[in-house]
Q: 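Quick one: the structure is below, and I'll ask about it shortly.
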Amino acid sequence: MTTERGWTKITRTENIPPREGRPVRIGDLEIAIFNLNGRFLTVENACPHKGGPLCDGIVTGHAVVCPLHGRHFDLESGMPIRASDPACLAVFPTRVEDGIILVDLGAGARFGEEAAA
Amino acid sequence: MRRLVVVGNGMAGVACVEHILKHNPEFQITIFGDETHVNYNRILLSLVLAGEKSADEIVLNDVEWYRSNNIRARLGAKISHIDRATRTVVDETGEATPYDKLILATGSSAFIPPIPGVDKENVHVFRTLDDTHALLAKARKGLKTVVIGGGLLGLEAARGLQVRGCEVTVIHLMDSLMERQLDATGGEYLKRRIESLGIRVMLPRQTAALFGNGHVDGLRFASGEEVDAELVVIAAGIKPNATLARSAGLEVNRGIVVNDFMETSDPDIFAVGECTEHRGQTFGLVAPLYDQARVLAATITENRGPVFSAAAPAAKLKIMGIDIFSAGSIDETEAGVEVLKYEDPALGAYKKLLLKSNRLHGMILVGDIEDEYTYMDWLRSGTDLSSMRRQLLFPPAAGDRGLEVADMPDSETICGCNGVRKGEIIHAIHEYGITTMRQLKDRTRASASCGTCAGLCEKLLRAVVPDFEVETKTTLCACVPFSYERLREIVRTQKLKSVEEVLAVYGNRKGCEVCKPALSYMLDMLWCGGHEEDRSARFINDRVHANIQKDGTFSVVPRMRGGITSPDELRRIADVADKYKVPMVKVTGSQRLDLLGVKKADLPNVWRDLGMPSGQAYSKGVRMVKTCVGTEFCRFGVQDSTNTGIELERRLENLFTPHKFKMGVVGCPRNCAEATVKDLGFVGQDGSWQVVVGGAAGKSVRKADLLVTVETTAQALEAGELFFQYYRENGNYLERSYDFVERLGIEKIRKETVYASDEEQKKLLDRLHRSKEYAQDAWLERDRPSNPTQFVQIEPMEMKPEVTEGQLV
């Protein structure tokens with residue numbers, strides 16, 4: 001746990017169109033922020049399968065479909081939708097203030113790891 | 001051998017003969033029909049009118065059937081009287097035919113109300129194949145058409161004519177449409193649905209007169225109000241054809257009176273079908289008539305025993321886009337009847353169930369008839385529903401209820417329309433080795449008419465055939481559980497313009513990576529580009545107009561029409577490759593150049609520097625036209641393949657198609673640019689072009705079918721455009737042209753494209769040209785992005801560079 005973890009202003013909400021995702025690179029980290037019709041969710045931007053850019057995937061409900069090979073992930077939990085694919089995505093707490101999206105970059109967690117941290 | 005004469009060559013009479021043949025009778029059979037056609041399925045005439053089926057497709061017994069069963073068919077012969085004393089029937093020419101047994105199956109005619117002016121020109125009825133052809137000859141775009149009668153037949157005629165472009169108004173005497181099958185609420189839902197399809201409904205209206213000088217100009221109602229009409233169709237009901245029987249002195253009321261064995265008052269004369277009256281009741285729907293046919297066949301072959309009893313029939317409207325089902329008794333005032341209702345005005349769905357002693361007694365379903373089969377099963381079997389009271393309006397799917405098709409007796413009728421019993425189906429399955437529903441339909445006709453029993457047939461097949469093959473599914477996906485055809489109809493008639501709208505009204509509100517791109521395509525195609533484009537519903541390639549690669553970069557293929565380029569273009573491509581450090585430049589299989597490994601953020605600048613239009617190499621759309629050099633340089637060329645290819649590409653470029661669409665034009669049959677393995681190809685001959693379609697040289701290899709051979713390049717281009725638009729409109733999303741051609745058959749495609757009427761061709765081309773007007777080079781979005789961050793990499797407002805992936809958790 002470093003002091004740098006914490007809420008970071010990313011971009012204005014209108015920069016992410018409804019039902020689409022956009023990538024943002026901060027240092028070595030690349031995240032994908034999705035706009036689920038006004039609700040914003042953030043995950044790491046690399047599919048655990050072959051590293052596909054999830055930001056470019058089609059959104060279905062609360063899940064995103066990787067554009068490379070069609071793996072589905074729940075954007076809230078980071079869990080894969082199909083049980084046959086056990087790898088999870090890291091999810092980042094996200095909130096909106098004054099039309100600006102803030103992401104807690106330090107608090108990224110993969111499902112099930114939170115308790116151990 | 002005894003002589004059996006059948007007067008009437010319709011569904012009931014011929015069905016009866018079919019049953020008689022099964023009894024191995026000692027009869028010499030003669031059938032008289034006043035229509036000149038072999039026996040056809042009258043129920044499906046509305047589909048012929050609407051163009052969904054051809055006249056050939058509704059034939060029930062072809063000429064070969066009559067021949068192989070040694071039946072003498074006298075078609076186009078009208079019997080004018082029966083001489084009971086000499087036991088002969090006499091036709092209009094005076095020719096007498098003797099009989100030992102006589103079956104009257106004279107059917108019914110359209111009831112024409114005694115209104116002044118009904119004899120005017122352009123006033124039609126809709127009862128026979130000839131009537132249908134007569135209507136089709138008159139129907140045209142914008143023709144002011146009035147249908148008198150808001151019952152089953154009237155509405156089917158109205159929709160059929162409207163599909164043909166007529167401006168249709170339905171006039172009905174009653175307050176409510178289809179009042180014999182629906183209650184007032186159901187009628188109101190139906191009316192709204194019909195109106196939403198673009199048909200005007202006027203009720204209640206009593207027609208006082210048809211006016212016009214020789215031909216009809218309009219109708220006047222009892223109130224004095226008038227409407228214009230260039231064509232009038234009377235569908236005000238039917239009346240039994242009983243004149244022949246009446247003049248022969250048989251007992252006749254409204255129809256020819258028959259007893260439970262289908263015997264008339266003369267022991268040698270029998271009657272069957274719509275001409276009959278049984279216990280005071282006459283008939284208009286087919287199912288009870290098939291029961292009559294079976295009973296009469298037993299009676300007449302000295303197996304007298306089975307009796308006819310008329311059960312409350314089921315009625316279903318066979319109109320694309322309207323789901324109506326009604327069966328059993330719908331009289332809610334009947335003592336002991338309980339009523340359950342459900343309605344959803346937004347969905348246009350209305351359900352009403354009538355229960356009596358905890359058993360289903362009748363039903364009305366409008367807008368949502370998914371459960372019709374379950375309900376019919378409950379109605380027929382008299383299932384005690386006490387334990388299911390909570391689920392009656394939304395019953396569990398038939399498959400989950402453990403309904404045991406095995407428990408049904410072999411004598412049970414499975415297909416009411418075509419009178420097919422369980423035993424016959426099982427027999428046919430074994431005898432012909434049937435494994436699919438299509439084969440079952442072809443062999444037995446079960447489920448071939450209204451389709452109500454398809455679920456039951458499928459169950460039976462599953463139970464009897466261990467290697468039952470489920471037919472290729474045509475439903476788009478679980479999010480919007482409708483077939484493509486149905487969805488196109490829904491989108492068109494409901495005027496839905498966006499993917500979100502379709503998903504909200506007809507889907508699960510979520511959509512997925514399967515249905516969203518499919519719906520995007522459908523909307524763009526149906527509204528000729530005038531839909532509300534939603535990029536979030538498109539695959540990434542169609543959001544940024546480039547093909548995503550394994551590392552998340554993109555490939556860029558500029559359009560190089562006909563595979564022809566110039567030194568200047570090549571220099572620009574080389575400069576772009578240097579400037580953006582493009583890792584690979586590749587010559588593609590489509591006679592173009594591919595720049596691989598371009599970053600998303602660089603795309604707009606790459607396009608600008610190239611100064612060439614998008615080659616759509618990333619899209620389910622028009623890819624390219626591959627050409628050989630043709631007459632311009634080749635010593636063997638007989639046609640100008642390069643310029644023709646460039647023109648073809650110009651005409652179709654920038655349009656979306658169900659799947660990628662590749663073309664080829666070659667200047668001679670040596671076929672150097674492989675036109676015969678393209679979705680659309682032109683093969684130059686000396687003095688003509690062969691236009692070929694449905695070829696493939698990818699995952700599948702298929703030689704294209706010849707669509708047509710034409711003399712001029714202009715004709716070839718037009719034939720190509722016709723096929724192209726026809727495929728756009730009728731292909732299912734992700735269905736390549738080679739699957740499409742195999743599914744529909746080249747004959748049907750020819751008939752509906754290059755051999756279609758001038759008017760149909762014009763409509764296809766108009767829609768193509770309208771779409772083309774909307775379509776533009778996608779790469780122009782370099783200057784007018786669809787949203788502010790379409791290509792832009794978002795930079796965070798605050799930088800916290802210390803955060804790295806290693807620090808997760």
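Lettering of chains follows the sequences in order, A, B, ..., and the numbering in each one begins at 1.
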Q: Report the distance from atom CG of A/Leu105 to atom CZ of A/Phe92, rounding to the nearest 0.5 Å.
A: 6.5 Å
Q: Taking only heavy atoms into account, what residues of residues 532-542 of chain B are found under 4.5 Å from chain A?
A: B/Asp534, B/Arg535, B/Ser536, B/Ala537, B/Arg538, B/Phe539, B/Ile540
Q: Go through the atoms of A/Val65 and report whether side chain, backbone, both or neither lie under 4.5 Å from a heavy atom of chain B.
A: side chain
Q: Under the criterion side chain to side chain contact (heavy atoms under 4.5 Å, CB included), which of A/Val103, A/Asp104, A/Leu41 is the partner of A/Pro93?
A: A/Asp104
Q: Let me see the working for B/Arg543 and A/Asp56 under salt bridge (Lys or Arg N to Asp or Glu O under 4.0 Å), right down to the final yes or no.
A: CA-CA 9 Å; B/Arg543 293 186 191 171; A/Asp56 288 340; 5.7 Å; no
Q: Can you tell me if B/Arg623 uses its side chain to pair, donor with acceptor, with the backbone of B/Ser619 under 3.5 Å?
A: yes
Q: Looking at every heavy atom in both B/Ser520 and B/Val499, which two are closest together, and how far apart are they?
A: OG-CG2, 3.6 Å
Q: With a 4.5 angstrom heavy-atom cut-off, which part of A/Ile100 approaches chain B: side chain, backbone, both or neither?
A: side chain
Q: For chain A, which candidate among B/Lys516, B/Met797, B/Lys510 shows the most heavy-atom pairs at distances under 4.5 Å?
A: B/Met797
Q: Hey, does the side chain of A/His69 reach the backbone of A/Pro67 with a donor-acceptor pair shorter than 3.5 angstrom?
A: no
Q: Relative to chain B, which of A/Thr11, A/Ile101, A/Ile33 shows the most heavy atom pairs under 4.5 Å?
A: A/Thr11
Q: Does the B/Tyr618 side chain pair with the main chain of B/Ser555, one donor and one acceptor, at a distance under 3.5 Å?
A: no
Q: With only heavy atoms counted, which part of A/Pro53 is less than 4.5 Å from chain B, the side chain, the backbone, both or neither?
A: side chain
Q: Mind telling me whether B/His545 and B/Trp607 have parallel, tilted or perpendicular rings, with 30° and 60° as the class edges?
A: tilted
Q: Using heavy-atom distances under 4.5 Å, tell me whether B/Ile794 contacts chain A through its side chain, its backbone, both, or neither.
A: both
Q: Quick one: salt bridge (Lys or Arg N to Asp or Glu O under 4.0 Å) partners of B/Asp777, sequence neighbours excluded?
A: none
Q: What part of B/Gln549 gets closer than 4.5 Å to chain A, counting heavy atoms only: side chain, backbone, both or neither?
A: backbone
Q: I would like to know whether A/Arg12 and A/Asn15 meet side chain to side chain donor-acceptor pair (under 3.5 Å); could you show each step before the answer?
A: CA-CA 6 Å; A/Arg12 300 201 60 82; A/Asn15 283 331; over 6 Å; no
Q: Can you say whether A/Pro17 sits under 4.5 Å from chain B via the side chain, the backbone, both, or neither, judging by heavy atoms?
A: side chain
